Amino acid sequence: MYNPTVARLTYRALLGRRRALILCVLPALLLVVSAAVRAMNGADDAVASQLLGGFALATLVPLVGVIAGTGAIGPEIDDGSVVYLLSKPVPRPSVILTKFLVASGVTAVFSAVPVLVAGFVLNGNSQQIAVAYALAAVVASIAYSALFLLLGTVSRHAVVIGLAYALIWEALIGSLVGGAKTLSVQQWALALAEKVAGSGADISSAVGLPTAVVLLVVVTVGGTLFAGQKLRTLTLAGEE
């Protein structure tokens, strides 16, 4: 189900000079801020948790997910080149699954790795905070990739909608409004971080771990399947 040719084309689209530069900005900012905070305050578990949860997981990960998830297929749909791709003898489910895997990998590399490094810079992984947030970033990257890949197949304004979701829902509403927290990928990922981190870490989620796991699986699998269905519809329209 993994097609190397589709993967290579998707990597090339995501890691082109302009998009790669954008992908590097937020991780670099996180590392610079982390180094500055460590220099001013020393190792502080509470500060590390606040920065990794409030900025990294709530803002950096979903924004990187928007760039990678929508960029994996959105531009090809916009310029019509997806029809030429799908006219090749490549199974349609293979195309969407390959793009999902590539988007997930790119999102995880540009978010989870910087989060792990930032955690070690901030407090040397005390209370397993760095590892906990890095693992949370990985699972969030997978869910965001499926969600934004789906968004890229159903709307020509996927980037705008994705940015609104990342900045308004995840970073603001999903962090502050009680009922909305249940429908926040950030909170689902925090449930894993809470489980992994030490008992003294200041990490809490509004969603229990079993519920979070179920919701993450539903969003990931459901988003990928719906994206594949939409891609099939777009192919038929192009052929007609």
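Note that the structure is predicted; figures quoted are calculated from it, not measured. Throughout, numbering of the chain's residues begins at 1 and tracks the sequence.
Here OG1 of Thr59 is found 10.0 Å from CG of Leu29. Values are rounded to the nearest 0.5 Å. Distance check, rounded to the nearest 0.5 Å: OG of Ser49 to CG of Leu190 gives 8.0 Å. Note that CG of Leu135 and CG of Leu116 are 8.5 Å apart. Values are rounded to the nearest 0.5 Å. Taken to the nearest 0.5 Å, the CG atom of Leu63 stands 6.5 Å off from the CG atom of Leu163. We find the SG-CZ distance between Cys24 and Arg19 to be 13.0 Å, quoted to the nearest 0.5 Å. Between the OG1 atom in Thr220 and the CG atom in Leu215 there is a gap of 10.5 Å [rounded to 0.5 Å].
Closest non-hydrogen pair, Ile161 versus Ser155, comes out as CD1-OG, 3.6 Å. Contact between Ala158 and Thr70 at its shortest, heavy atoms only, is CB-CG2, 3.8 Å. The two residues Leu216 and Ala143 make their nearest non-hydrogen contact at CD2-CB, 3.8 Å. Of all heavy-atom pairs spanning Gly69 and Ala103, the tightest one is CA-CB, 4.2 Å. The minimum heavy-atom distance between Val66 and Ala166, with the atom names listed, is CG2-CB, 4.2 Å. Annotation for Glu170 and Ser184: closest pair OE1-OG, 2.6 Å, computed over non-hydrogen atoms.
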side-chain contact (heavy atoms from CB on, under 4.5 Å) between Ile67 and Phe148, intermediate numbers included: CA-CA 9 Å; Ile67 297 170; Phe148 295 128; over 6 Å; no

Run the side-chain contact (heavy atoms from CB on, under 4.5 Å) check on Val95 and Lys99 step by step: do they pass? CA-CA 6 Å; Val95 172; Lys99 288 182 174 294; 4.1 Å; yes

side-chain contact (heavy atoms from CB on, under 4.5 Å), that's the test. Do Thr211 and Trp188 meet it? Break it down for me. CA-CA 8 Å; Thr211 302; Trp188 306 341; over 6 Å; no

Applying side-chain contact (heavy atoms from CB on, under 4.5 Å) to Val6 and Ser94, what does each step give before you reach the verdict? CA-CA 9 Å; Val6 174; Ser94 176; 5.9 Å; no

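You'll find the side chain of Leu147 reaches within 4.5 Å of the side chain of Tyr165, heavy atoms only. For the pair Leu57/Val115, no side-chain contact is recorded, criterion being any heavy-atom separation below 4.5 Å from C-beta on. Side chains of Phe100 and Ile142 form a contact here, defined as non-hydrogen atoms less than 4.5 Å apart. A 4.5 Å side-chain heavy-atom check between Ile129 and Leu52 finds at least one atom pair inside the cut-off. Looking at Phe55 and Leu26, their side chains come closer than 4.5 Å, going by heavy atoms from C-beta outward. Counting heavy atoms from C-beta on, the side chains of Phe120 and Arg38 never come closer than 4.5 Å. Proximity of Leu149 to Thr224: side-chain heavy atoms (C-beta onward) are nowhere separated by under 4.5 Å. At a threshold of 4.5 Å between non-hydrogen side-chain atoms, the residues Val185 and Pro62 do not count as touching.
Partners of Val109 under the side-chain contact (heavy atoms from CB on, under 4.5 Å) rule, at least two apart in sequence or in another chain, do not exist in this structure. Every side-chain contact (heavy atoms from CB on, under 4.5 Å) that Ser126 has, sequence neighbours left out, goes to Asp45, Asn123.
Val218 and Leu97 fall into different hydrophobic clusters, where Ile, Leu, Val, Met, Phe, Trp and Tyr are joined by side-chain heavy atoms under 4.5 Å apart, directly or via other members. One hydrophobic cluster holds both Tyr11 and Ile73 under the rule that ILVMFWY side chains link at heavy-atom gaps under 4.5 Å. No continuous path of ILVMFWY side-chain contacts below 4.5 Å connects Val33 to Val121, so the two sit in separate hydrophobic clusters. Phe110 and Leu21 sit in two unconnected hydrophobic clusters of ILVMFWY residues. Membership requires side-chain heavy atoms under 4.5 Å apart, directly or through other members. Using a 4.5 Å cut-off between side-chain heavy atoms of Ile, Leu, Val, Met, Phe, Trp and Tyr, with links allowed through other members, Val139 and Leu183 fall into the same hydrophobic cluster.
Side-chain contact of Gln186 with Tyr144: a donor-acceptor pair under 3.5 Å is absent, judged by distance alone. For the residue pair Ser141 / Ser104, no side-chain donor-acceptor distance below 3.5 Å is found, with atom types taken as modelled.
Not one N or O on the side chain of Glu194 forms a donor-acceptor pair closer than 3.5 Å with the backbone of Ser204. When atom types are taken as modelled, the side chain of Thr153 and the backbone of Lys230 share no donor-acceptor pair closer than 3.5 angstrom.
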